[in-house]
Each structure stands twice: as structure tokens, then as C-alpha cells.
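Take a look at the structure set out below.
Letters A, B, ... are given to chains in the order of the sequence lines, protein chains preceding strands, and every chain is numbered from 1.
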Amino acid sequence: MSNSLPDDELLKRYLKDGAQDAFAALVQRHLALVYGVALRRLHDPTPAQEVTQKVFITLARQAVWLTRHSSLGGWLYRTTLNLAQHEWRADQRRRKREEIALELGTCMKTDESLLSTITPLLDEAMLELRTADREALLLRFFANKSLREVGAALGIQEDAAQKRVSKALDALGERFRQRGFRVGGAAALALALQQSSAHAVPAGLALSATQAAMTAGVSASLGGLTMPIVKIMSLTKIQTAVLCVSIAALPLGYQWHALGNARSMNEQFAAQLQTLRSEAFARERGQARAERRLALAQSAMSQSTAGQRAAARTKPSRQDEKLYAWDENSPYVRVPKQVLAQLRFAPFGTRVRRDGKTEQYQLPPLAADGSPQPPLVAALGLSADEADRLRALCQSEFSQFNELAASHSQLTQQPFAGGPMQSAILDTAAFPDEGAQFRDQFKDQVTALLGPERADAFWQQDSPVFSELFNNFGANARKLELINNPQQGLELMNATAGGASIGSLSQRNGMPLPPQLQAVADAWSAPQAGQTDQSAPPSP
Amino acid sequence: MKKILIIAAACGLTFCLWLHQRHLLQEVQVQNERLAAAAAVLKERVSRADVARQTAEQKLADLRRELGSHKANASDVASRDAGAELTPPAGPDASRQGGWPANAAFFYLPKQYLTNVSYKLLNGGQLTDEAAALFGMSAAEREATDKAFDELVDQFHRVEIQRMEQVAPPAGWVTTGDSSAPSGVQFNSALTYHIPDLTGDIDSARTAFFDQLQQTLGPSRAQIIAPAASSFLGQNMDDLGAGERTIGFAWEPESDGTQSLWYAVADAVHGEGAFQRVDANLDPNSQIAYYARLFGVNVPGQ
């Protein structure tokens, strides 16, 4: 069966299955050619046999790369020549050429003498032929194929094969003629070629060549890796393209599918969430409304129960409603004192937000010099005299406190964090005892002026100022660092034992700075100070 | 050899594409996990709200029955209280800008200073006691104002829910080892929504609200409250969705294996991203708490 297979199929079988019978068939098929060429080059059967074995060992080793070779016979022919040349020393070849040269042009050779003369140069002349011509001659005369078989092997018709053989013989004859040989016609040359290839192959050479190739361990290397390489090498361009697409398509397709699923799930979740959000929103609104109705009912219940009314008073009663009812004709409103803690009385300023819109912020109830702002004065119901006395008292106390704080402070100016920006640091030590004494005296004076109820209200309204500006009357050490930031404007870092914060001066909502720092701020950038604060406190 | 090289190149390219797709897949899968968690939270809230509503309605029914039995008694108490409080209150003293009557439960404030008073206008979707008291609102006026505001918020939130779209976190919000993140914090995942400018959608509801305010309280009070309401809406409800925003919650992995929750917003005011850590002290009536509920994000301690 192996004998009927073409060369490439035999090679593939050998590579894929390690089939020795396939390789043996190849050896059998080309042994005469290889041995004949070797013997012709070496003139000695022993080295010719060695070369023959080497050729088939080489075939076994390079079988991977030969499955797609157009003509195995051609490859074997060339390889045999190469290996034979290694066996035959160059000097011996030169000597033979010299001997031949002596005979050039001296006489017309007979066909017999022609054979003996041209044999040493036959292979060189064969190598000079075009590949197609050489293949035709190899098949016709070295492999002893009929013209039909030659045509089949070359993929041409029989008569075309005949023409190619004739043309190749003519070309070969021309090569010899160029070298000075006087050769006869194509028929004579064909006869000479047939004779030159008709070497009796020694018995057992096929077996020994096959075994040599097998025992060279070549077949052992033709394992799992070789066959895929062979298959890849034997692919057509389209098959290669299909393989590439398959390689890419399988993992990427699977992943694409997973990604599609995940995205689809994502969309489903988004839709589900949309529904759920609407549902949750509606249900929770319903819950809030039910709870609101419940709260109203509970309020009504508490009001209807004697003795619980005053304690559970969260909303004005009907009598309160009358007392506090809005009177369009009155310039005043009555405000329950119990909500005073939730109200802040001070004018508003405006500033520009990052998005270009303006926003309002409320200024402190006491101005930088301590003067109570008009809304606070009005809320406390001060007479003009009381307002003057309170203003004088606050200004005096502010002045005194600033002196007291200054005596515990140290102002230094230095580059901020060692960089190009300037900074001024006001380091104030804690003075809790002196501060508490000052606070108590201040509080007593306010109480004496306003009475306890309004004094409490005054103190409660002004607590942010006392906390921020007076640092809770010196209760803790504090470090204020004013930074001249060319990009952001003036910034203030406030560091206490509890932590540090930094922010733009414009974000302080008009809260004054200690006088020492204010002087530095004015000196650094007077225009920036009024840039964001666009409103002045309204006059009463 | 050329074919082997071509196939090797195809393998390499495939591997690169596979890695890229794997990254995308992981991102979507993390998003899906977040969304699934959000859906679970929302479902739980729906059922919880149902239970709470039923409970409140049951209690309400019980209270109404009880209220009926107390009606006669309450009516007697009211008559006695009315008699006691009918004493005329101290009038305003013009020399003291109204004054501070020592024995009264109130003080006078000139109306001109009502615009110089800061107060919390609304809490939990309702007018605060101080706001109602400051403007001398009756129970009916207060209820009508509450209802008007409730409808505005309801309308706004409905539109917002309709228009919001879940989106991938903006660039830099979720980072892995990128020190240039705008937050300065390394978040490993985020759940983000884009809300377009809702001005056009909400304008009619806003106008209706201010009309209702004027109708309920009259022009003088409405004129004072309207800016306060606008300011409240601006500070607490993104001015009813004026300007497109991207808002979301991001999770920061902690060294102990837990995750911290951050609220993030990107808009014209906050730029590419303003981040605020969400802790257990979050006001349940705040905007952050509202969005956490809306997105189905569990807030620590709530």
C-alpha cells in the first residue's frame, strides 16, 4: 500500500505515525537515484553507500520541512551531490578536471567514450539546468519513469513531458558543447544518461539506509510538537487565515459573549433599579405621609389630654395661633422665645460661587470691633440708650480681650512650607484661667445691662464669635497661619490640639481675624479683602 | 516559518485583545455586583416601607378611635385654656423696636429684619417649627405650605428618577494605584449616575410651588420666604436639578479589609469631583442620605 502513495504522503505518514514502512518505501523508491549519483561522483561503491545512508538520515531529519517540497527526487539529487562533494576532496576533483581538459577537442568521442568522459561532469551540468528540465531528466532517466509517469509527476501531458525531456537533453548537450565536448544528438545523450544511471544497487543497501535513518533517533524526535509544525507548514494561505481567525475567534468570542451577557445583565439591573427606585420612592412617600398623619393625630391626642398639653407642645395651640398670627398691618412679628436658639440675627453678604452664580452667607452677629449688628439689637428689643451702652461695652471688651490675647501670642512671618508663598503665623498659648475670668466679668456686665433673659440670648447668639475669634476665651493653645496664595488668594490655616483646617478667607463668612493677622492681610492684599464680600450690613 | 510567525502574531494579538476584554468584563461584573446589592437594598426598603406604612395606618386608626373618646374631655380643657390665655399680651414698644416683654413667651421683631434671620426652613420635607413660628403661620397655612413643598419635592424626585442614568464612574474616580486621583483617595469601585439638567422639566412645578406659597401666605410673607426657599433648594436639592451632575458613591478599601463609603459629585460647582466620606453620623434627612437610599447603597450604621 505504501508503495502506491506519493512521496509527500509517505513523509507525512512517517512524521505522524513514525511509520517505518513508509520511510522504507521512500528509500526503496529513491535508492537507485541516490546511490547512482553518489557512485558516479565517488567512483567507489563503499563511500557511495556511506553517502547514500547519510542522504536518507538527512531526509529523516529534515522530513518536517520537505512535506511541501515540490520534488523530493530533486531534493535528494541535490543533497546527494552536496554530501558526495564533502566526501570527495576538492583537490581530487581539480586533478580529474585537469585530466579531462587534456582530452578536450582532440577527437570525436564514441558513444561509449562519451559516457566515460562526460560522467564526471554530468552532475555539474545537470545542476546548471533549469529546475523543471532537471526534474524531467531525473524522472525519465534516473528514476526510469515512462513519459506518461513523468508527465503525471510534473502535472503535464505525456507529449508535453516528451518535449520537456527533449528540450532538457538539448540544453544538457549545449552545456557539454560549451565545455568543449563534441557530443552527438539528443538520442545519444539520452542513451548515455540511461547508462550512467544504470548502477546496480548493492543488496541490503536499502535496508541498511532505512535502519541507519531510523536508528539515528530521528523518528524519536518526531513527537507531539513536530506534527503540528508539519501541519502548519502544509497549510495553504486560506487555511492559515482560517486558523488565525479561529485562534482569535474562540477565546475572544467566548469572552465577547460573556461581556455581552454581563452588559445585558447590567442593563437589566439598571431597568430593575429604575423601577425599584420609583417604587421605593412612592412607598416611602406613602410611609412618610402616613407617619405624618399619625404624628398630627398624636399631637391632637396629646392636646386633648389634660395635663399633657404643656409638656408635649410641639406646635402652637389654637390660642397660640391667635397670639402669633401674622398681622399684615403690624410692623412687628411676635416670635416665641423658645425658638430663639434656632434663629440667628445678622445681616447677609453675597459671594460668587465657582459656577458663576451668587450665594448668600450670614455675617457674624458682632462686627470686628465688637459692635452688635442691627438685627441682633432689634431682636433683643434694645432701646437706643441700651444699644449704645451695649456697643460701648462690647467694643471695650473686644479691645481688652485682643490685648490679653496679644500678650499670649507671637507673630512671625516666614515662607509657607519653605516655598515661595508668604505666611504669617500667630501662635497663641492657652490662657484658660485669665480667659475664664475675663468671660465671667464680661457676662456679668452684659447681664447687668440687659437682664438675665436677654443676656442669655445675647450670649447664645454670639457664641460662634466667642468660639472662633476668642478661641473660647483662650481655653486652648492655637496657631493661626495666614498664607498669601497667589492662586487661591489669602488662606487661613487653623491648627489646634484637636486638628487643623485650612480655607480661603472668603469662606470665613466675614468672621474677623485677630488684629495682628488682619493688619498683615490688609498689607498683603487690600483689594482681595473686599472682592467677594459684596454687601455691607444694612443700617437699622 | 512565515506561517508560524503569522500564527504566532495572531496568538499575540488575540492575547492582547483578550486581556483588554477581560479588564472590561471585570469592570462590568463589579458594576453588576454593586447594582445587584443596590437592588437588594431597594427591595428591602420597599417591603420595610410597606410594613411601616401599615403599622402607621393601624396606629392612626387606633388613635382616631381613642381620640373620639377623649373629645368631650379635650373640649373642656380647651375651654379652660382659652379662658386663661385670653389675657391681652403686652403690645410692641416702638422705642425698643418692638421690645422684649419680660414675662411673655415671645419677643417682638421688626418685620424689616426678617430677611436678616437665618433658620432651617425645612426638615424631613416639612417646615420647621421655628420657620412656622417666625412667620406666624396657622396650622392650616403650615399644612398647605408643607403640602406645596411636598408636591414640589415629589415632582422633582420623580423627574430625577426618570432622567437619571447609571454611568461608568468618571475618569479618575476609580483608581488603582494612581496617586493623581482627584480625590487623593484610592477607590476600588463606584456606583455613579448621571443626571441631566432638569431645569426645563421642573420649571412648571417650581412656578406652581411659588404661586401656591403666595396664595397660602400672602404676598408679604411669600416675598420673604421665597428667597429662603430658593436658597434651601439651592443648598440641599441642587437647585432642583439645575445643571447636569454626576453623583455617586465610591468605596475605599481599608487596610483591615473593610471598605469606607464616600459620596462623590461632579458638576459645575464641584468640578471634576468632590468627595465626602460618609459615616454613621449622616443626617438621614440629608441629600447624601436621600441619594444613598435612591441608589440602594447601605450607609454605615443606618
At a heavy-atom separation under 4.5 Å, does [X] approach chain A through its side chain, its backbone, both, or neither?
X: B/Asp239; result: side chain
X: B/Ala61; result: neither
X: B/Pro101; result: backbone
X: B/Leu13; result: neither
X: B/Ala94; result: both
X: B/Ser231; result: neither
X: B/Gln21; result: both
X: B/Thr115; result: backbone

Drop me the distance from B/Leu109's CG to A/Arg334's CZ, to the nearest 0.5 angstrom. 13.0 Å
Let me confirm one number: the CE-CG distance from B/Met164 to A/Leu273, rounded to the nearest 0.5 Å.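 B/Met164 CE to A/Leu273 CG: 9.5 Å, rounded to 0.5 Å.
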Pairing residues for B/Thr55 by the side chain to side chain contact (heavy atoms under 4.5 Å, CB included) criterion, not counting sequence neighbours: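 Checked B/Thr55 against side chain to side chain contact (heavy atoms under 4.5 Å, CB included); matches are B/Val51, B/Lys59.
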Suppose we screen for salt bridge (charged side-chain N to carboxylate O under 4.0 Å, His left out). Which residues come up paired with A/Glu291, at least two apart in sequence or across chains? none
Indicate yes or no for a side-chain donor-acceptor contact from [X] to the backbone of [Y] under 3.5 Å, with no hydrogens or angles considered.
X: B/Asp129; Y: A/Val339; value: no
X: A/Arg283; Y: B/Arg53; value: no
X: B/Lys111; Y: A/Ser330; value: yes

B/Asn116 vs A/Phe345 side-chain heavy atoms within contact, under 4.5 Å: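 Contact flag for B/Asn116/A/Phe345 side chains = no.
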Would A/Arg344 and B/Tyr119 count as having a side-chain donor-acceptor pair, cut-off 3.5 Å?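 Their side chains do not contain a donor-acceptor pair, so the 3.5 Å distance test is not met.
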Closest heavy-atom contact between A/Leu340 and B/Trp100? CD2-CH2, 3.7 Å
